[in-house]
Number of protein chains: 2
Amino acid sequence: MKGIRRLAQHLDISIGTVSRALNGRPDVNEETRRRVLEAAEKLGYVPNQSGRSLRQGTTNIIGFMMQTGTEITGQGDTFFMSVFDGVQAVFAKHKLDLVALLCSSEEDQSDYLRRVVARGFADGLILSATQRHDPRIEYLAERNIPFVTLGRSLTDVGRPWLDLDFEGMAQIAIDRLVARGHRRIAVTRPHDDANLGYIFVDRCREALAAHGLTLEEELIFRSTPNETGGYQIARELLKLEDRPTAALLVNETIAIGFYQGLSEAGVRPGRDIAVIGRYSPHAHFLSPPLTCFRLSLRDLGIALAETLLSTMPTFQEHYPQALTNAVWPMELIEGESDGFRVNGDESRG
Amino acid sequence: MKGIRRLAQHLDISIGTVSRALNGRPDVNEETRRRVLEAAEKLGYVPNQSGRSLRQGTTNIIGFMMQTGTEITGQGDTFFMSVFDGVQAVFAKHKLDLVALLCSSEEDQSDYLRRVVARGFADGLILSATQRHDPRIEYLAERNIPFVTLGRSLTDVGRPWLDLDFEGMAQIAIDRLVARGHRRIAVTRPHDDANLGYIFVDRCREALAAHGLTLEEELIFRSTPNETGGYQIARELLKLEDRPTAALLVNETIAIGFYQGLSEAGVRPGRDIAVIGRYSPHAHFLSPPLTCFRLSLRDLGIALAETLLSTMPTFQEHYPQALTNAVWPMELIEGESDGFRVNGDESRG
DNA sequence: TTGGTCTCCGTAAACGTTTACGGAACTATG
DNA sequence: CATAGTTCCGTAAACGTTTACGGAGACCAA
């Protein structure tokens, strides 16, 4: 005898009552409930997930989809871990569990998603690495699967998403650099179709235009969003006839490689070129410390969770005013990598 | 009408036959099977996971357990993603899915594990961040849940584990440094109870003893295995009356902070102090490039998967000689951070 | 024809839950 | 005492699969 039957037999009551007691139904005597909970604790009973979700059509699981393989991840692993922590802080209140759905680098993400959905694996999904054209979004929307994406796409009109405020980052950084006399500013973007590249570069272009400047094509650098990519960008940048005096790095992990690429040519950030990037745990430990844009990833995770839950009938009453389409602001952390003026008047050592 | 019934109705055959056809049973006409598969494809039918696992008592899911929250992860971003990729390469052959079970930083790992197991969530588990005394291992062993750990503990006697070869790393590094004239060598270890700290330091001590040297307590540095920890270690190390001439860093991500801590005091790796660490994607992009120990994480993932499957009755015939207790060798990558001799004769610039 | 073997398929039970339904015991009300 | 209402609990169906079992038909040999 196993499962709830064992518990019922042990208490000499029916399985229906046991189930009601455990699920907090009102129509059960409080004394009985106490006994049931006690016995469940003692016998280590936990409801079988398959049985429960088969009956209820619900799993209490939310999936965070991500692709394995190392080549294309521009985020550090602390990035996701921090986001997860925020997500779980919300989910814990509703007894939801978060699992990371790992799509192999050899499988198409849409195929993988199809499998996950058809199996009835999760009650809701969080998608990351949103592409500019992302078929996953239409797929989920058509089927009424609750989801939220981290990152915008062109095909998610009216769908819930949250994103980092790359426009704000571009605007602030460009304004700041221009105010310090920079006229030729290099910008980076991922090599692939990630939407953030388009968003970021477009806004850089607009921000420059507002100052009467144009963003030349040769100053837009594409690379894999990792250390090697940053290194390559530095090398290419230094080859230019008319070198930029500043660089704006949109990805987290490329700064180290970028620094090294500069360093090998004797070019020092903050003295010979202004560099502004994205925060990551090592940003302060570069020489010189990187001036960068940071955000609270935990808060982002909390917002993601709330946004998702606000689209699910079961939970939406708790989150009446969750954000559905919003960019998450980033804060500028002053390091020493952008501290100089083009007119020769260094603002700091 | 949903699920397999819909498919059966559509084909005008019984659900039993449909199920047999889909599951590759022999007692079904090949023509019928073809029709079933075709219709399944057309209607986008995928078996419901809950129904299936309720009946079979099996989920076809393997869980990789990890804890969220950023403070204590000593691995770089790509570490787990690379391992996952290897694991999945094996699992794909057996139609197993890998998911990451994310234990919130607020929940005890043993409690979380208990929930996962009792719910019947996964057919097998991979545990990481193994602690010296790890109650999770006994729990799984008692219950006959297939598992393998990445990292040894003291309580896993006879249980399947794989680990990095920290002994080999210690031996090679110490021998190398001693051969170059170093006598005072600092070593690091994580701040917590992670077993690798014990293993590594013990072997360093033995290796030094073989050269007639002792490892003084003041040369053993504990820290959180992240950038900040590395920085702190550098600061402490530089305060010592009798400074070590070399440092051996056992964690991946501490090198950046360590470099910075040295740099602020005008101490340069490879010139003023020999530094040997662990490979991570940025190791080559430090100045000077870090001499470090590297391994194929993908291969490690493959081995982990094979080890796990070799303990599961359903699959073990395919992996008759998988490793069950083995350390995974690391290769020394020569950078420029350890390139000098104590006697003043620098081996390179 | 009879009996045996094979191939293929339908039937129904089982997995562990949740929950609609109905009923027994009790309480309150007139 | 009769009736209605309340509280609590047991019964059984349902969720979507897989699979043991048995049977129908085809084929073959005697």
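FYI, side chains are in, hydrogens and waters are out, and symmetry mates aren't considered; it's all heavy atoms of this structure. To find a chain, count down the sequence lines: A is the first, B the second, and so on, and within it residues start at 1.
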Item to complete: Assign each of Arg20(B) and Lys2(A) to its nearest nucleotide of DNA chain C by heavy atoms, then name whichever residue's nucleotide is nearer the 5' end.
Response: Arg20(B)

Could you work out, with side chain to side chain donor-acceptor pair (under 3.5 Å) as the rule, every residue matching [X], not counting sequence neighbours?
X         : value
Glu142(A) : none
Tyr319(A) : His94(A)
Glu30(B)  : Arg33(B)

Worksheet, complete the sentence: Rounded to whole Å, the CZ-P distance (Arg33(B) to dT7(C)) equals 14 Å

Fill in: Thr17(B)-Ser14(B) side chain donor-acceptor pair, cut-off 3.5 Å
yes

Counting the atoms with a prime plus P, OP1 and OP2 as sugar-phosphate, which does [X] contact under 4.0 Å by heavy atoms, base, sugar-phosphate, or nothing?
X        : answer
Ser50(A) : nothing
Ser53(A) : nothing
Asp27(A) : base
Gly3(A)  : sugar-phosphate
Arg25(B) : sugar-phosphate

Worksheet item: Quick one: salt bridge (charged side-chain N to carboxylate O under 4.0 Å, His left out) pairs with a partner in residues 88-103 of chain A, sequence neighbours left out?
Response: Asp97(A)-Arg115(B), Asp97(A)-Arg119(B)

Got a second to check how far [X]'s [atom1] is from [Y]'s [atom2], nearest 0.5 Å?
X         : Y         : atom1 : atom2 : value
Thr324(B) : Glu306(B) : OG1   : CD    : 13.0 Å
Ile137(A) : Leu127(A) : CD1   : CG    : 7.0 Å
Arg143(B) : Arg114(B) : CZ    : CZ    : 7.0 Å

Response to the item:
Note: chain A reaches DNA chain D at heavy-atom distances under 4.0 Å over the stretch, first to last nt, 5' to 3', of dC8(D) to dG16(D)

Fill in: Partner residues of Arg34(B) under the salt bridge (charged side-chain N to carboxylate O under 4.0 Å, His left out) criterion, sequence neighbours left out
Glu31(B), Glu38(B)

Worksheet item: Excluding sequence neighbours, so at least two apart, what forms salt bridge (charged side-chain N to carboxylate O under 4.0 Å, His left out) with Arg152(B)?
Response: Asp163(B), Glu167(B)

Response to the item:
Here the residues of residues 54-61 of chain B within 4.0 Å heavy-atom distance, strictly under, of DNA chain C are Leu54(B), Arg55(B)

Practice prompt. Check each residue of residues 36-48 of chain B for a non-hydrogen atom within less than 4.0 Å of any atom in DNA chain C, then write out the ones that pass by number, or none.
Written response: none

Response to the item:
Tested for side-chain contact (heavy atoms from CB on, under 4.5 Å) against Thr68(A), the lone hit among Leu98(B), Val83(B), Asp85(B) is Asp85(B)

Worksheet entry | Set of residues satisfying ring-ring contact (aromatic ring centres under 6.0 Å, His included) with respect to Phe91(A), sequence neighbours excluded | none

Fill in: Set of ring-ring contact (aromatic ring centres under 6.0 Å, His included) partners for Phe84(A), sequence neighbours left out
Phe64(A)

Worksheet item: For DNA chain D, whose closest nucleotide is more 5', that of Leu22(B) or that of Thr17(A)?
Response: Thr17(A)

Worksheet item: Considering the terminal five base pairs at each end of the helix from dT1(C)-dA30(D) to dG30(C)-dC1(D), what angle separates the two local helix axes, rounded to 10°?
Response: 60°

